[in-house]
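Report on the structure given below.
The structure presented is a predicted model; accordingly, all values stated were derived computationally and were not measured. We number each residue from 1, following the sequence as shown. Side chains included, hydrogens not; waters and symmetry mates left out as well; all remaining heavy atoms used.
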Amino acid sequence: MYRKTVILLALTTMTLLFGSWGFFAHRKISHLAVFTLPQAMIKFYKNNISYITEHASDPDKRRYIDPSEAPRHYLDSDHYGSSPFDSLPMKWNEAVKKYTLDTLKQHGLLPWQIQRTYASLTKAFKDRDSVKILRYSSDLGHYIADAHVPLHTTQNHNGQLTNQVGIHAFWETRLPVLFSQDYDFFTGRAVYIEDPLKEAWKIIKHTFSLKDSVLLIEAKLFRTFPSDRKYSYFNNNGKAIKQYSEEYSEEYHKLLDGMVERQMRSSVLSIGSYWYSAWVDAGQPELSKFKFSTESLIEKDSLEKAEALYKEDAAMGRPEY
Ligand SMILES: [Zn+2]
């Protein structure tokens with residue numbers, strides 16, 4: 001019991017420092033996705049599993065050095081009316097024509113970013129470029145995982161429109177940190193995706209359908225839960241940090257009825273399936289012949305700089321992604 005408490009505390013602190021479906025859940029999801037891969041791929045990915053795991057949050061870090069990165073992580077579906085998935089053209093060129101590039105950039109690029117990164121990964125397989133395979137596998141995994149977070153698919157991304165500020169990190173960070181050790185992550189094998197863009201839209205449409213529950217259940221709980229037990233505090237370098245209490249988190253988690261677990265598990269299978277499909281589309285190159293050269297790890301310096309800024313920002317009170 002004591003041991004468990006210590007671990008939970010350590011994880012909670014870590015999450016507050018590094019944040020988002022963030023650090024903790026992104027790592028876990030990408031790590032597990034490796035085990036969905038078929039025989040011909042799994043060895044290469046297992047050999048590089050520490051890279052895949054460590055770099056699962058790189059796209060979040062890049063936001064600190066590249067202003068064009070931010071909109072790649074979300075889609076404000078409800079900006080496009082009451083039936084957004086009928087209004088928004090699936091294809092990029094048609095969406096730009098209908099809504100303009102500026103509007104799309106302002107309200108998120110997530111489905112097209114998944115398509116784009118998928119194309120980059122397929123090309124990397126064709127080029128037999130192991131460094132790029134790892135980089136784009138990590139990136140693609142990140143965007144796919146983000147597409148499974150309901151608050152990444154709405155304008156009300158942090159409950160700011162409904163007086164629930166903080167709910168973003170609550171759902172995607174605090175709940176997985178507290179409860180994911182008991183989740184069942186058995187997903188079965190990766191499957192081939194016929195149309196990566198269509199699949200991205202399908203994922204986002206389903207994820208968006210969950211956002212009302214995410215928000216309304218918390219709003220209702222907030223009204224009925226004893227107010228003196230909603231929050232707890234912990235000390236971080238002499239500063240008292242407020243967080244949702246474990247008791248409140250547990251109740252919210254229970255009312256969500258397995259949603260976080262299902263979304264994490266779906267993320268794992270989707271990521272494996274996208275990786276597998278890119279490899280199939282590239283003609284199933286022989287991965288065991290690929291060499292991994294660490295020296296050419298892309299953008300090492302700038303990523304280190306981004307990581308420092310990311311940690312600094314997170315330590316000052318979490319941005320949410
Ligand atoms: Zn993200």
For [X] and [Y], test the side chains for any donor-to-acceptor distance below 3.5 angstrom and give the result as yes or no.
| X | Y | result |
| --- | --- | --- |
| Glu172 | His152 | yes |
| His142 | His55 | no |
| Ser245 | Glu247 | no |
| Gln263 | Ser267 | no |
| Asp146 | His26 | yes |
| Asp58 | Ser138 | no |

**Asked** Can you check whether Pro84's main-chain N or O pairs, donor with acceptor, with Ser77's side chain at less than 3.5 Å?
**Response** no

**Item:** Thr224 (side chain) donor-acceptor with Lys220 (main chain) under 3.5 angstrom
**Value:** yes

**Asked** Does the distance from a Lys or Arg side-chain N to an Asp or Glu carboxylate O, for Lys254 and Glu251, drop under 4.0 Å?
**Response** yes

**Request:** Inspect the contact between Arg27 and Glu54 and indicate whether a charged nitrogen and a carboxylate oxygen are less than 4.0 angstrom apart.
**Result:** yes

In terms of the angle between their ring planes, are [X] and [Y] parallel, tilted or perpendicular, with boundaries placed at 30° and 60°?
| X | Y | value |
| --- | --- | --- |
| Phe35 | His31 | tilted |
| Tyr244 | Phe170 | parallel |
| Trp201 | Phe85 | perpendicular |
| His253 | Tyr183 | parallel |
| Tyr45 | Phe125 | tilted |

**Request:** Apply the salt bridge (Lys or Arg N to Asp or Glu O under 4.0 Å) test between Glu69 and each candidate in Arg63, Arg62, Lys61, Lys105; give the one that qualifies.
**Result:** Arg62

**Request:** Indicate, with yes or no, if Leu161 and Val214 share a hydrophobic cluster defined by side-chain heavy-atom contacts under 4.5 Å among Ile, Leu, Val, Met, Phe, Trp and Tyr.
**Result:** no

**Asked** With a distance cut-off below 6.0 Å to the six-membered ring centre and an angular limit of 45° from the axis, does Lys242 pair with Tyr231 as a cation-pi contact?
**Response** yes

Just wondering, are more than 12 heavy atoms of other shown residues or ligands nearer than 6.0 Å to [atom1] in [X]?
| X | atom1 | result |
| --- | --- | --- |
| Lys97 | NZ | no |
| Arg265 | CZ | yes |
| Lys202 | NZ | no |

**Item:** Note, Ser232 side chain near Gln243 side chain (heavy atom, < 4.5 Å)
**Value:** yes

**Asked** When rounded to the nearest 0.5 angstrom, what is the spacing between CG in Asp257 and CZ in Arg262?
**Response** 6.0 Å

**Complete:** Rounded to the nearest 0.5 Å, the CG atom of Leu216 sits from the CG atom of Leu221 at a distance of 12.5 Å

**Message:** Please identify which of these residues, Asn156, Leu151, Thr173, meets the side-chain contact (heavy atoms from CB on, under 4.5 Å) condition with His168.
**Reply:** Leu151

**Message:** Among Arg229, Glu218, Arg174, exactly one meets side chain to side chain donor-acceptor pair (under 3.5 Å) together with Tyr248. Which residue is that?
**Reply:** Glu218

